[in-house]
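What follows is a short report on a single structure.
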2 protein chains.
Amino acid sequence: MKKRATIKDVAKYAGVSTAAVSYVLNGKEYRVSPDTAEKIREAIRELNYIPDYSARSLVKNASKLIGVIIPQTEDSKQLILENPFYSEMVSNIESRLRESGYHLILSGVDKGESYLDLSVQRNLDGAIIMGIYPEQFYAELKQVEIPIVLIDSYINDPWFSKVGVDDEYGGYLATCHLIERGHRNIALVTGSIRKDGVVEKRFLGYKRALREADIFYNPDHVFEHSVSYAYGYEAGKTIASKHPEITAVFATADMVAFGVIQGIKEAGREVPDDISVIGFDDIFLSRMFVPPLTTVRQDIALKGKRAAELLLEIIESDEPEKIDRKEVTIPLSIVERQTVRPLKPRS
Amino acid sequence: MKKRATIKDVAKYAGVSTAAVSYVLNGKEYRVSPDTAEKIREAIRELNYIPDYSARSLVKNASKLIGVIIPQTEDSKQLILENPFYSEMVSNIESRLRESGYHLILSGVDKGESYLDLSVQRNLDGAIIMGIYPEQFYAELKQVEIPIVLIDSYINDPWFSKVGVDDEYGGYLATCHLIERGHRNIALVTGSIRKDGVVEKRFLGYKRALREADIFYNPDHVFEHSVSYAYGYEAGKTIASKHPEITAVFATADMVAFGVIQGIKEAGREVPDDISVIGFDDIFLSRMFVPPLTTVRQDIALKGKRAAELLLEIIESDEPEKIDRKEVTIPLSIVERQTVRPLKPRS
DNA sequence: AATAACATTGACAGCGGTTTCACCAATGGA
DNA sequence: TCCATTGGTGAAACCGCTGTCAATGTTATT
């Protein structure tokens, strides 16, 4: 295995000191005469020199590495990347980060174990965190003092920047959409309602819409378990077979909505003819689903991109501690497709 | 910002030398007496010491970092993570790698630019590469001399380990499935047929099946463009509206198949009543699609897991150069669902 | 011509670890 | 009692790079 060239080799080849090489490497060429600079660049090219980030990270205390955390399934430890909502976001985060010369360490976080290890071991320059975790998790993270942006979290701490949507409003919007079309027995199918999580807010919006329309909130109509197709499917079957009064379903994620629809069909009823369904997210599959899903749209790509930018903004400022944390909210809108049917006024 | 503890702090606290600390850190405790070891462990706990991987990487020349490369869209630079096929694989790779203490750097690779930079900058211990790239890309990669496993590639070089499926057979299987059910005008809808890529082989299998059944191969019946829902949709529309003779479609990826089906419906025809469709991959969505997709199944999770294991095997051997590169092939099978209809024998 | 001011450059001390190697008991055998 | 061993330990070199600072060479100023 032939050794890779180090900065010393370059220095020797160019007949200068390593410091000079370091200067041109770091764009401090004003400290070096133009022709030495050229000689050095020549040497770099010639020797095929590529600097070692570990060494650099060691002295600069900056790794150009960003941690990205995705929720993982509870049972196995797999990332919930199966939900296109996350993949789409990760993909956008990655491209934005790469553009600025950062690399991304993708990881789940083991229950119990903290993310602390990874972040300090690797000297992460920052982290983007999706999903919601135990409070202690955030506390630890804060101690590391690296810039962090939270996606879809309502953790209230000025240390964290956040990007998300107005989930309460989204839930409200979805439910109103249904109510306006004459539905009054509206089920909510959702992942677990956790404190400071998005579902909690959507749930709140759901209840507000109900209240404003003078509809009695029926706890039996909320089906809460997990954000998965599988659970949606179960809930859909139950609703279609055991709850003839329900005419519409608000699923708090498109993936869940797909399951619900399939479950309803399995039980021999039709969407939207018998039961209407509205989702949340507008992942790209929703457009192609049959029937195309009516849903609350958020710009997922933008969300990822903005999260990356927010983080970079803090990292690249001169005084990261001083930079104001921001909170950006991506707009929401209903996109009407074919899974919601207006109810005929009761005869 | 309070400074993190270094190995020196630990040494001082425990009243020993840094070497001793390093020993217990690296499990070489036989070089240290039991009670010094205990004292050291105590100090580590007390000071909340976490070793710095950059420093370690510098001297050990091993970073515990694995690069994972995913194809990206040609236009934008986003990762094709939108295809659940990739997300599912990445998710499994990540969990397997993390289990062994490695972290994963997820990245696309800019057209033209090489991956070389990243891999040597970061001192990657290995890389897993999905998809197919220009030949030069592999040549460069080889120079870096890090262990690499290729997923779904037919690059023929003993340096690379590979995991994949028998794509030719898969293509054959799918096409036979259609032929056996009476179809003779079978379209192929596929991403671009690139040398050493999986589609090329599936295409070959398709042709072989045709040949064996004495069906004339009609180039007009292959629709080649990109692995995307959007293209499938276009192709589906074209097939349904301009090719009344076609009764079945083999799409070389489930995502494409979804598009085809939707396109066919858009053109006012039905699947499988008018046209049958078979896919490839069996991503988890295929099960939930309406109608559930008949497809060639491969165990995607296993594929990811095996790739990770193959890589670890090489990395963790004492002489990585000596270890035999392996080629593992994941089995394939047809899973019959509801998008293929047997044709009545011609009257 | 002497001095001040500036532009270049290189030596060197870390950054936080690992590892070699020499050293110092303490033990056992002669 | 003396000399090899042996196990435990620490000093120091080093990994590749950056940044400080002093030393050099050049040019401008008086």
Side-chain angles (χ1 to χ4, degrees), chain A residues 1-41 43-44 47-65 117 119-125, chain B residues 1-41 43-44 47-65 117 119-125:
Chain A
M1 169 149 170
K2 72 171 169 304
K3 282 280 288 152
R4 58 185 276 193
T6 76
I7 200 171
K8 275 183 202 136
D9 302 326
V10 177
K12 195 179 300 170
Y13 188 97
V16 300
S17 79
T18 62
V21 180
S22 174
Y23 292 147
V24 348
L25 242 42
N26 293 283
K28 301 188 179 166
E29 305 207 3
Y30 55 88
R31 302 176 106 309
V32 153
S33 72
D35 35 328
T36 349
E38 188 42 53
K39 246 191 327 196
I40 292 173
R41 254 181 256 108
I44 291 180
L47 267 46
N48 236 303
Y49 169 72
I50 300 173
D52 183 329
Y53 274 41
S54 303
R56 186 178 285 176
S57 156
L58 192 56
V59 25
K60 297 234 269 197
N61 213 23
S63 58
K64 289 275 176 182
L65 238 30
D117 283 16
S119 51
V120 346
Q121 277 168 351
R122 297 297 188 185
N123 235 296
L124 297 186
D125 287 349
Chain B
M1 170 151 169
K2 71 172 171 304
K3 283 281 288 152
R4 57 185 280 193
T6 75
I7 200 172
K8 276 181 202 139
D9 302 326
V10 177
K12 196 179 300 171
Y13 188 98
V16 299
S17 79
T18 61
V21 180
S22 175
Y23 292 147
V24 347
L25 242 42
N26 293 283
K28 301 189 179 165
E29 306 206 2
Y30 53 89
R31 302 174 107 309
V32 156
S33 71
D35 35 330
T36 347
E38 189 42 53
K39 248 191 323 196
I40 292 173
R41 253 181 257 109
I44 291 179
L47 267 44
N48 236 303
Y49 169 72
I50 300 173
D52 183 328
Y53 274 40
S54 303
R56 186 176 285 177
S57 156
L58 193 55
V59 24
K60 297 233 271 197
N61 214 24
S63 58
K64 288 276 176 182
L65 237 32
D117 283 16
S119 51
V120 349
Q121 277 169 352
R122 297 296 189 186
N123 235 297
L124 298 185
D125 287 349

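A quick note: this is a predicted structure, and the numbers were derived from the prediction, not measured.
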Check your understanding: Nearest nucleotide by nearest heavy atom, which residue falls closer to the 5' end of DNA chain C, B/Lys28 or B/Leu58?
Key ->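 Its nucleotide being nearer the 5' end, the pick is B/Leu58.
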
For [X] and [Y], which heavy atoms make the closest approach, and how far apart are they?
X: B/Ala62; Y: B/Asp125; answer: CA-OD1, 3.3 Å
X: B/Val10; Y: B/Ile40; answer: CG1-O, 4.3 Å
X: A/Tyr49; Y: A/Ile7; answer: CE1-N, 3.5 Å
X: B/Ala11; Y: B/Thr18; answer: CB-N, 3.7 Å

How many whole angstroms separate atom [atom1] of [X] from atom [atom2] of [N]?
X: A/Asn26; N: D/dT18; atom1: CG; atom2: C1'; value: 7 Å
X: B/Asp52; N: C/dG14; atom1: CG; atom2: C1'; value: 14 Å
X: B/Leu47; N: C/dG16; atom1: CG; atom2: C1'; value: 15 Å
X: B/Ile44; N: C/dG17; atom1: CD1; atom2: P; value: 10 Å
X: B/Tyr30; N: D/dG7; atom1: OH; atom2: C1'; value: 13 Å
X: A/Asn123; N: C/dG16; atom1: CG; atom2: P; value: 9 Å
X: A/Glu29; N: C/dT8; atom1: CD; atom2: P; value: 12 Å
X: B/Asn61; N: D/dG16; atom1: CG; atom2: P; value: 7 Å

Can you find a side chain N or O atom of [X] that sits less than 4.0 Å from OP1 or OP2 on [N]?
X: A/Arg56; N: D/dT18; result: yes
X: A/Ser22; N: D/dT18; result: yes
X: A/Thr6; N: D/dG16; result: no
X: A/Thr36; N: C/dT9; result: yes

Any donor-acceptor N/O pair, [X] side chain to [Y] backbone, under 3.5 Å:
X: A/Asn26; Y: A/Lys28; value: no
X: B/Ser63; Y: B/Asn123; value: yes
X: A/Arg4; Y: B/Val120; value: yes

Classify the nucleic acid contact of [X] as base, sugar-phosphate or nothing, counting any heavy atom under 4.0 Å across all strands shown.
X: B/Ile50; answer: sugar-phosphate
X: B/Val21; answer: nothing
X: B/Tyr49; answer: sugar-phosphate

If you check the [X] side chain, which of [options] turns out closest?
X: B/Ser17; options: C/dG14, D/dG10, C/dG10; answer: D/dG10
X: A/Lys60; options: D/dG19, C/dT8, D/dC17; answer: D/dG19
X: B/Val32; options: C/dG10, C/dG16, D/dT9; answer: D/dT9
X: B/Ser33; options: D/dC17, C/dT19, D/dG8; answer: D/dG8
X: B/Lys8; options: C/dA11, C/dC15, D/dT18; answer: C/dC15

Review point. Are B/Thr36 and B/Val24 close enough that some pair of their side-chain heavy atoms sits under 4.5 Å apart?
Key: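 When only atoms from C-beta onward are counted, B/Val24 and B/Thr36 do not touch, as no gap falls below 4.5 Å.
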
Would you tabulate the nitrogen or oxygen pairs shorter than 3.5 Å linking the protein to nucleotides 20-23 of chain D?
unit_1	atom_1	unit_2	atom_2	d
D/dT20	O4	A/Tyr23	OH	3.1

